[in-house]
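Values below: every heavy atom of this structure, side chains too, minus hydrogens, waters and symmetry copies. The residues of the chain are indexed from 1 along the displayed sequence.
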Amino acid sequence: QVQLVESGGGLAHAGGSLRLVCAASERTFSNWPMGWFRQAPGKERDFVAAISWRGDITAYADSVKGRFTISRDSAKNTAYLQMNSLKPEDTAVYYCAATDLYGRDLYREMLDYDYWGQGTQVTVSS
C-alpha cells in the first residue's frame, strides 16, 4: 500500500513562502493523480490543488490561485506545493493525497482519494 509523507510545513510571516513536499513509498504513485488539501481548526478539509499523473494538468482552489503552484517529479515519487504570498488564512494542516482512479485527469473531491499523508502544519503569522 502506498504511503505518503508530507514535510516542509512550519511558521511563516504573511507574504512569505513555504514549499511542501509529499514523498510516496512506491513508484506506482507516479502513475496516479494527486492533490493537496488543507484543514483549518474547526473547519472541514478543503481542496487546495490537484495535478494529473503526467503533471501537465493542474487545478487550484480560487483562494490560492496565482499564489500556490503544484508540481511533481515522477522520477523521485514526489509532489510539491509551492506556497507564495502566504496569508494568515492559509494557516491549516496540509495533506497530500493520491488516487488510483482513472477516467479524469485530476480530482477535486476528498472522496475520490484513497491514500493520504499524515499532514503537516502550516502557520502564517500576520
Side-chain angles (χ1 to χ4, degrees):
Q1 179 160 336
V2 174
Q3 293 184 339
L4 305 176
V5 178
E6 302 98 335
S7 61
L11 177 64
H13 294 295
S17 299
L18 287 172
R19 188 178 79 154
L20 304 184
V21 180
C22 175
S25 60
E26 296 184 15
R27 293 195 62 80
T28 49
F29 170 80
S30 64
N31 296 325
W32 295 347
M34 64 87 55
W36 287 94
F37 292 76
R38 67 185 182 186
Q39 187 167 17
K43 296 188 177 181
E44 296 183 347
R45 193 171 298 188
D46 291 329
F47 169 76
V48 175
I51 190 167
S52 62
W53 73 272
R54 290 182 184 269
D56 58 345
I57 300 172
T58 58
Y60 297 92
D62 288 343
S63 59
V64 306
K65 200 173 295 182
R67 300 188 298 121
F68 290 11
T69 302
I70 188 172
S71 62
R72 66 191 305 164
D73 185 337
S74 295
K76 297 181 179 180
N77 298 332
T78 302
Y80 307 94
L81 185 68
Q82 178 66 44
M83 305 186 296
N84 298 329
S85 302
L86 284 163
K87 304 176 180 180
E89 51 264 43
D90 294 320
T91 295
V93 177
Y94 284 71
Y95 299 88
C96 69
T99 176
D100 55 6
L101 288 176
Y102 287 89
R104 298 205 296 264
D105 292 315
L106 46 77
Y107 299 84
R108 298 171 182 254
E109 301 297 327
M110 281 183 54
L111 292 178
D112 289 328
Y113 288 87
D114 303 304
Y115 305 96
W116 291 84
Q118 83 288 350
T120 185
Q121 176 71 47
V122 170
T123 302
V124 183
S125 62
S126 57

* Closest heavy-atom contact between Gln82 and Ser17? -> NE2-CB, 4.0 Å

* Could you tell me whether Gln3 atom CD has more than 12 heavy atoms of other residues or ligands within 6.0 Å of it? => no

* To do: Could you go through the side-chain contact (heavy atoms from CB on, under 4.5 Å) check for Val48 and Leu81 one step at a time?
  => CA-CA 10 Å; Val48 175; Leu81 185 68; 4.1 Å; yes

* 4.5 Å side-chain heavy-atom contact, Leu18 and Val122 -> yes

* Between the side chains of Asp112 and Thr99, is a donor N or O closer than 3.5 angstrom to an acceptor N or O? -> no

* Side-chain heavy atoms of Leu20 within contact of Trp36, under 4.5 Å -> yes

* Between the side chain of Glu6 and the main-chain N/O of Gly119, is any donor-acceptor distance below 3.5 Å? -> yes

* cation_pi(Arg38, Phe47) dist<6.0 Å, angle<=45 -> no

* Is any side-chain heavy atom of Lys87 less than 4.5 Å from a side-chain heavy atom of Arg67? -> yes

* Asked: Think Arg45 forms a cation-pi with Tyr95, using NZ or CZ under 6.0 Å from the six-ring centre and within 45 degrees of its axis?
  -> yes

* Sub-4.5 Å side-chain heavy-atom contact between Phe29 and Leu4 -> yes

* Would you indicate whether the side-chain heavy atoms of Met34 and Ile70 approach each other to under 4.5 Å? => yes

* **More than 12 heavy atoms of other groups within 6.0 Å of Gln118 CD** => yes

